[in-house]
Amino acid sequence: MSKRIRLLALVLAVLMLVPAILAGCTNSDDPADTSATTPSPSGTSASDPSTSPSGSEATADPSNINLDGYEFVLNCAGYGGLSSVLAAGDSPTAEFDELQEIYAQIEEDLNCVIIADSYDKETETLLAAAVGGVKLQDFICVRQSTWIPLAMMGGIRPLDSMIDAGLDLYNENNFNQVYTLMSTIKGHVYALDMTGKYENTRLGHFYAFNKELCANAGYPAETLYQAVRDGEWDYDMMLEIARKISRDTDGDGTNDVWGIALDCDGNEAWTNGTGPIIYDEAQGKWISNVTDPQLIPALQFMYDISGSDVQTPVAGGIGRGDRRTLFYEGNCGFAGLYGGNFGDGGLGSMEAEFGILPMPKGPNADEYTMNMVDLDTFVCLTSNQDWEKSAKIINAIGAAVTDFDAYRERITEDCRGDEEAVEMIFDYALPNATMNIGKCSDEMHQILRKGFYTSIYELTYTPAAAAEAYNDLIQAELDAVFQQ
């Protein structure tokens, strides 16, 4: 973590201790006022509405909630489909108008005002607000590289502490449970997701494939889909197909058609039943797992798919965006993509027919998986002293907009009606999906993705040598982030 963030974290930690110190120095017959500007990491404080309810908003009957015109602000930067404000030059769509009707109904039901717009959400901004006891917005959409460090410092309120205030956290009709429960750390849920018709948390990485090129190599789509169902879609199978697809069409000694356009951005590391970072229950801490022998097959697969007989040039070659374009143009058999690559600017631009497969699994894995690279979900800062009101409103919004079936239908449309492709992701990979703990901080992302994974993809290090080179760096950052 940066020096400035470390300093702010120290200040926040000190502020968290002040109420306890004051309480310990006060006669028990005359309890001190411990309502510090920054609430405690446990998610409650002496000034919380749940501990001393007042006003007409405190009620157990949702049909009688009256929030007296409370202004609820949702920071939906990165989740713009929930915005109540049109960007400059934009015209309202049917979905935008429909969403505004939903907000209007909630405003009427709860006697509140809803503003959903994009605001600054940088780590330093949020941490400074937590330190200063400054409320920014009621809920803020951030990814795990921001909220995990903040949560460990006590700057994010655990959402399970808001259930009694009206947050129906574990209701799948209110919040997507797959993505929401991924945010569980040390027994607390810190972030919620409202994926549905209007906006979504992007799917993690998968492999798209060119149906024609794979069929010409002897593997039509139905064969690949059945291989997933039978648990036979593995490292060896993918490498075999990719090598059959790769060819030099003009005799210049360089492939013109490649088996693989680009990899899955390091997420193959999680496909052999373990990962480079794990939580060790016995030690009660997060540990670097890069030297685990069970991880080596996954790292070796990353190394093997980067060979010139399989993939477009990785080291010193063309950029990832251009490599995706090669796939879209029909020059590659497979491409590591994620949810953000659907639509007109990505898979929607392909003339060739495509399918979708989970990342292949290694010899020690029982199931296919998906690692959610950027888990853009909503958190509540501990400096939000209106959190009880916030809970009621976000609960109503979630109940109105969360709809994973609608999202699946949208992905089916993006896959041109290929329900088997959608089955591969939603039925085989997503049920085992995990939050990418490799993005527990911006610094960890640099160490793991830009350092460790890249050294393997670019064939700079063998998997074993890369593990040796990065193990201590990874552990040091884990210790800093999780304060262990």
Side-chain angles (χ1 to χ4, degrees), residues 1 144-145 204-205 207 234-236 238-239 242-243 258-280 283 285-320 323 334-336 338 359-365 369-374 434-482:
M1 293 186 290
Q144 71 269 32
S145 55
H205 275 82
Y207 273 105
D234 59 14
Y235 300 159
D236 291 339
M238 183 172 182
L239 284 166
R243 288 181 175 127
W258 290 271
I260 301 174
L262 76 166
D263 50 71
C264 279
D265 215 20
N267 292 292
E268 297 95 344
W270 307 85
T271 58
N272 194 38
T274 189
I277 297 172
I278 62 171
Y279 186 77
D280 188 298
Q283 298 184 58
K285 62 184 290 187
W286 291 92
I287 63 170
S288 171
N289 193 47
V290 296
T291 59
D292 183 355
Q294 186 176 329
L295 185 68
I296 296 300
L299 302 181
Q300 186 63 48
F301 175 64
M302 293 165 60
Y303 190 91
D304 291 342
I305 62 174
S306 301
S308 60
D309 61 332
V310 176
Q311 189 174 172
T312 57
V314 179
I318 59 178
R320 296 183 68 83
R323 289 155 69 191
F334 296 94
Y338 84 115
M359 293 180 291
K361 64 185 180 72
N364 300 108
T369 191
M370 174 178 287
N371 196 34
M372 302 298 295
V373 181
D374 295 322
T434 55
M435 175 178 66
N436 181 16
I437 201 68
K439 271 194 174 179
C440 61
S441 70
D442 292 329
E443 289 74 17
M444 183 63 81
H445 176 61
Q446 294 298 317
I447 295 169
L448 207 62
R449 176 62 185 96
K450 304 301 183 182
F452 181 58
Y453 296 157
T454 297
S455 71
I456 295 173
Y457 282 141
E458 294 188 351
L459 312 182
T460 304
Y461 287 143
T462 63
E468 182 68 24
Y470 286 93
N471 183 58
D472 291 346
L473 287 172
I474 294 169
Q475 188 61 56
E477 182 62 16
L478 287 173
D479 291 342
V481 169
F482 292 101

Legend entry - Minimum-distance pair of heavy atoms, taken over all atoms of N471 and S288: OD1-OG, 2.7 Å
Legend entry - Non-hydrogen side-chain atoms of Y453 and M302 separated by less than 4.5 Å: yes
Legend entry - Sub-4.5 Å side-chain heavy-atom contact between I278 and D292: no
Legend entry - Note, I305 side chain near Y235 side chain (heavy atom, < 4.5 Å): no
Inset, instruction - Indicate the atoms forming the closest heavy-atom contact of P463 with L299, along with that distance. - result: CB-CB, 3.6 Å
Inset, instruction - With the side chain counted from C-beta on, respond yes when P363 and D234 share a heavy-atom pair under 4.5 Å apart, and no when they do not. - result: no
Legend entry - Beyond-backbone contact of N272 with Q294, side-chain heavy atoms, under 4.5 angstrom: yes
Inset, instruction - Report yes or no: do Q446 and D442 form a side-chain donor-acceptor pair below 3.5 Å? - result: no
Legend entry - Close side-chain approach of R323 and Q311, heavy atoms under 4.5 Å: yes
Inset, instruction - Could you check if a side-chain atom of Y470 sits within less than 4.5 angstrom of a side-chain atom of V290, using non-hydrogen atoms only? - result: no
Inset, instruction - State the CD-CD1 distance between E443 and I474, to the nearest 0.5 angstrom. - result: 14.0 Å
Inset, instruction - Quick one: closest heavy-atom pair of M238 and P360, and the distance? - result: SD-CG, 3.7 Å
Legend entry - Sub-4.5 Å side-chain heavy-atom contact between V373 and Y338: no
Legend entry - Shortest non-hydrogen contact between A298 and T271, atoms and distance: CB-OG1, 4.3 Å
Legend entry - Distance (rounded to the nearest 0.5 Å) between W270 CH2 and C264 SG: 14.5 Å
Inset, instruction - Quick one: closest heavy-atom pair of Y461 and A466, and the distance? - result: CB-N, 3.7 Å
Legend entry - Aromatic plane relationship, F334 with Y207 - under 30° parallel, 30 to 60° tilted, over 60° perpendicular: perpendicular
